[in-house]
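Reading through the structure tokens given below for one structure.
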Amino acid sequence: MLEGQGIIDGLEILTREDKPYRVRVPAGIVHLGEDEASMFALGAVVGAFGGVARRHA
């Protein structure tokens, strides 16, 4: 969903790494653990769609 909306440029999961989630954003690649990746995704969705949700509530 985040990639489809143009919020991130891609995601790669390397299961043998300490921080297996590689999120590609315009500034570069962010290395994240599972908890960090879930908080990043939540923050990105709220940041991208929070205003729309408030207008239609």
Side-chain angles (χ1 to χ4, degrees):
M1 180 174 117
L2 296 176
E3 190 172 356
Q5 294 296 321
I7 298 168
I8 65 171
D9 295 331
L11 172 69
E12 184 178 6
I13 301 171
L14 305 172
T15 57
R16 295 185 180 168
E17 300 287 326
D18 289 338
K19 294 192 173 201
Y21 298 91
R22 304 287 190 265
V23 180
R24 286 189 309 277
V25 294
I29 297 175
V30 181
H31 301 252
L32 303 168
E34 187 172 346
D35 291 340
E36 294 166 323
S38 65
M39 296 278 57
F40 175 87
L42 176 62
V45 169
V46 169
F49 301 109
V52 173
R54 285 187 197 92
R55 284 195 302 263
H56 290 79

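Model, not experiment: these values are computed from the prediction.
- Taking all atoms of both residues into account, the shortest heavy-atom contact from V25 to D9 is C-OD2, 3.5 Å.
- Applying the salt bridge (Lys or Arg N to Asp or Glu O under 4.0 Å) test to every pair with at least one member in residues 42-53, sequence neighbours left out, gives no pairs at all.
- Residue pairs satisfying the salt bridge (Lys or Arg N to Asp or Glu O under 4.0 Å) criterion with at least one member in residues 39-52, sequence neighbours excluded, are absent.
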Let me check something: any side-chain donor-acceptor pairs from residues 28-51 under 3.5 Å, sequence neighbours excluded? List them with distances.
unit_1	atom_1	unit_2	atom_2	d
H31	ND1	R22	NE	2.9
H31	ND1	R22	NH1	3.3
E36	OE1	K19	NZ	3.2
E36	OE1	G33	N	2.6
E36	OE2	K19	NZ	3.1
S38	OG	D35	O	2.9

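- Of the candidates I8, V23, L11, I8 is the only one forming a side-chain contact (heavy atoms from CB on, under 4.5 Å) with L2.
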